[in-house]
Amino acid sequence: MAVVLILVLIVVGSVLFHVLSPWWWTPIASNWTYIDSTLVITFWITGIVFVAVVLFMAYCVYRFRHKPGNQAHYEPENRRLEVLLASGTAVGVAAMLAPGLIVWNQFITVPADAASVEVVSQQWLWSFRLPGADGKLGRAETRDVSPENPLGLDKNDASGLDDIIIEGGELHLPIGKPVHILLRSVDVLHDFYVPEFRAKMDMIPGMITYFWLTPTRTGTFEILCAELCGVGHPQMRGTVVVDNDADYQTWLGQQQTFTQLTASSGEPPPAN
C-alpha cells in the first residue's frame with residue numbers, strides 16, 4: 001500500500017504544481033500566442049498520458065499484490081492490446097507534431113514589412129548590424145573578417161557603407177514593429193536565445209539562419225548563447241532593449257555607420 005500511496009501522491013502533486021505554479025508565460029513577443037498554444041497542447045497530451053500510466057501502475061500494484069496461493073497468468077502476447085497501444089501512441093504523437101509543424105511555418109514566414117536586424121556571434125561576443133538610410137543590409141563574408149572589419153562587410157558594396165554597426169553593445173528594437181532577425185556566426189556553432197521572447201535559433205558558420213518576432217512590451221532582456229561554444233560560453237551574454245519609438249530613434253542616431261567606423265580605425269575609406 002505504501003507504493004500505491006506514493007504513486008498517487010506523485011500524480012496529485014504533479015497536477016497541483018502545474019495548475020497552481022506561479023511560473024507562467026509573460027506576453028512579450030507577438031509569436032507567443034501560437035507557440036504557447038502548441039506547448040499547452042503538448043502539456044495536455046503528455047499530462048493525460050502521465051496520469052493514466054502512473055495511476056495504472058498504482059492499480060496494478062494494488063490489484064496484483066502478493067497473496068498466498070495466487071499464481072500469475074502467463075500471456076506472452078495480446079494482439080488486441082498491442083493494436084490499441086500502438087494506435088493510441090501514434091495518435092498522441094501526431095497530435096503533438098502537427099501543431100508544431102504549423103507553428104514552425106509561422107515562425108519562419110517573415111512579414112513583408114519586417115525590418116532586418118543581423119546578429120553576429122563569435123567567441124564570446126555578440127555584435128549587431130542594422131540597415132542604414134537606404135534600408136538595406138550590405139553583403140558580408142566571414143573571410144573578410146579582420147580587427148578593422150569585425151563583421152566582415154564587403155567594402156565594395158555600396159549598400160553596406162551606411163550599415164549601423166554595434167560591436168559588443170546593446171541591441172535596441174522598436175516596440176510594436178516586426179523584426180526579421182538574421183543570424184550569422186563567424187567561428188563556431190552558437191545559439192541566439194532571449195528567454196523572454198521564447199525564440200531561439202542555432203547560428204551555424206557558413207549559413208544565415210533566421211526567425212522573426214514583434215516585441216510587444218518595453219524593457220531590457222538578456223541575450224544568452226544556448227549552445228556550448230568553448231570555455232567562455234557561460235560569459236557570452238548580451239542585452240536587447242525594447243524601446244518606444246522616440247527612444248529608439250534617439251539611440252539609433254547615436255550609433256556609427258560602417259564608413260564612420262572604418263575612418264576612425266585609420267583604414268582607407270571604402271570605395272563608393
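Quick caveat, the model's predicted, so the values are computed rather than measured.
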Checklist outcome for this item: side-chain contact (heavy atoms from CB on, under 4.5 Å) with Thr46: of Ile48, Val49, Thr42, only one passes, and it is Thr42
Item to check | Interatomic spacing from CD1 in Ile181 to CD in Glu118 - rounded to 0.5 Å | outcome: 10.5 Å
Next on the checklist: Quick check: closest heavy atoms across Val103 and Thr38, and the distance to 0.1 Å?
Outcome noted: CG2-OG1, 2.8 Å
Checklist entry - Side-chain heavy atoms under 4.5 angstrom apart, residues restricted to Ile, Leu, Val, Met, Phe, Trp, Tyr: same cluster for Leu97 and Trp104? => result no
Next on the checklist: Just so I know, are the side chains of Val179 and Thr214 near enough to count as touching, which here means a heavy-atom distance under 4.5 Å?
Outcome noted: no
Checklist entry - What are the two closest heavy atoms between Pro111 and Trp212, and how far apart are they? => result CD-CD2, 3.5 Å
Checklist entry - Do you reckon Val93 sits in the same ILVMFWY cluster as Val83, going by side-chain contacts under 4.5 Å, direct or chained? => result no
Checklist entry - Does the Tyr193 side chain pair with the main chain of Ala199, one donor and one acceptor, at a distance under 3.5 Å? => result no
Checklist entry - Just wondering, do Ile45 and Phe50 contact through their side chains at under 4.5 Å, heavy atoms? => result no
Next on the checklist: For Leu171 and Val117: C-alpha separation, side-chain torsions, deciding distance, then whether side-chain contact (heavy atoms from CB on, under 4.5 Å) applies.
Outcome noted: CA-CA 9 Å; Leu171 171 63; Val117 174; 3.8 Å; yes
Checklist outcome for this item: Smallest heavy-atom separation, Leu183 atom then Asp202 atom, equals CD1-O, 4.4 Å
Next on the checklist: Taking the basic N atoms (NZ, or NE/NH1/NH2) and the acidic carboxylate oxygens, is any pair closer than 4.0 Å for Asp245 and Lys177?
Outcome noted: yes
Item to check | Closest heavy-atom pair and its distance - Asp162, Thr257 | outcome: O-CG2, 3.6 Å
Item to check | Heavy-atom pair of closest approach, residues Phe197 and Leu213 | outcome: CD1-CD2, 3.7 Å
Checklist entry - Within the distance-only criterion (no hydrogens, no angle test), does the side chain of Arg63 pair as donor or acceptor with the backbone N or O of Cys60 below 3.5 angstrom? => result no
Checklist entry - Taking a hydrophobic cluster as the set of Ile, Leu, Val, Met, Phe, Trp and Tyr residues connected by side-chain heavy atoms closer than 4.5 Å, whether directly or through intermediates, do Leu7 and Val51 fall within one such cluster? => result yes
Next on the checklist: Strictly distance-based, threshold 3.5 Å: is any side-chain N or O of Arg129 a donor or acceptor partner for the main-chain N or O of Val120?
Outcome noted: no
Checklist entry - Are Val188 and Leu151 linked, directly or through other ILVMFWY residues, by side chains that come within less than 4.5 angstrom of each other? => result no
Checklist outcome for this item: All heavy atoms of Pro205 vs all of Asp187, minimum pair found to be CG-O, 3.2 Å
Item to check | Parallel, tilted or perpendicular, as decided by the 30° and 60° cut-offs, for the rings of Trp251 and His172 | outcome: parallel
Next on the checklist: Nearest 0.5 angstrom please: Tyr74 OH to Gln71 CD, how far?
Outcome noted: 14.0 Å
Checklist entry - Would you say the side chain of Phe192 lies within less than 4.5 Å of the side chain of Thr209, judging by non-hydrogen atoms? => result no
Next on the checklist: Test side-chain contact (heavy atoms from CB on, under 4.5 Å) on Lys155 and Asn149; report intermediate values, then the result.
Outcome noted: CA-CA 9 Å; Lys155 298 180 180 181; Asn149 185 7; 4.2 Å; yes
Next on the checklist: Any non-hydrogen side-chain atom of Val241 less than 4.5 Å from a side-chain atom of Leu173?
Outcome noted: no
Checklist entry - At what distance, to the nearest 0.5 angstrom, does CG of Leu101 lie from CZ of Phe107? => result 14.5 Å
Could you tabulate the donor-acceptor pairs under 3.5 Å formed by side-chain atoms of residues 223-232, not counting sequence neighbours?
none

Checklist entry - Considering residues at least two apart in sequence or located in another chain, which fulfil the salt bridge (charged side-chain N to carboxylate O under 4.0 Å, His left out) criterion with Asp134? => result none
Checklist entry - Hey, is the main chain of Leu161 close enough, under 3.5 Å, to the side chain of Thr259 for a donor-acceptor pair? => result yes
Checklist entry - So do the side chains of Pro131 and Ile164 get within less than 4.5 Å of each other, counting heavy atoms only? => result no
Next on the checklist: Is it the case that the side chains of His233 and Gln235 hold a donor-acceptor pair, with the cut-off being a distance below 3.5 Å and no angle test?
Outcome noted: no
Next on the checklist: Hydrophobic cluster membership, with links at side-chain heavy-atom distances under 4.5 Å among I/L/V/M/F/W/Y: are Tyr62 and Val12 in one?
Outcome noted: yes
Next on the checklist: A side-chain contact here means heavy atoms from C-beta on lying under 4.5 Å apart; do Gln122 and Leu125 qualify?
Outcome noted: yes
Checklist entry - Would you say the side chain of Phe211 lies within less than 4.5 Å of the side chain of Met201, judging by non-hydrogen atoms? => result yes
Item to check | Spacing of CD belonging to Glu170 relative to CZ belonging to Phe128, to within rounding of 0.5 Å | outcome: 9.0 Å
Next on the checklist: Is the ring pair Tyr59/Phe64 parallel, tilted or perpendicular, if the boundaries are 30 and 60 degrees?
Outcome noted: perpendicular
Checklist entry - Nearest 0.5 Å, what's the CE-CZ distance between Met203 and Arg184? => result 8.5 Å
Checklist entry - Thr239 versus Thr220: any side-chain heavy-atom pair under 4.5 Å? => result yes
Item to check | side-chain contact (heavy atoms from CB on, under 4.5 Å) between Lys136 and Ser116, worked out | outcome: CA-CA 8 Å; Lys136 298 186 297 183; Ser116 296; over 6 Å; no
Item to check | Rounded distance [0.5 Å steps], CD in Gln256 versus CD1 in Ile165 | outcome: 10.0 Å
Item to check | Partner set under ring pair (Phe, Tyr, Trp, His ring centres under 6.0 Å) for Trp44, not counting sequence neighbours | outcome: none
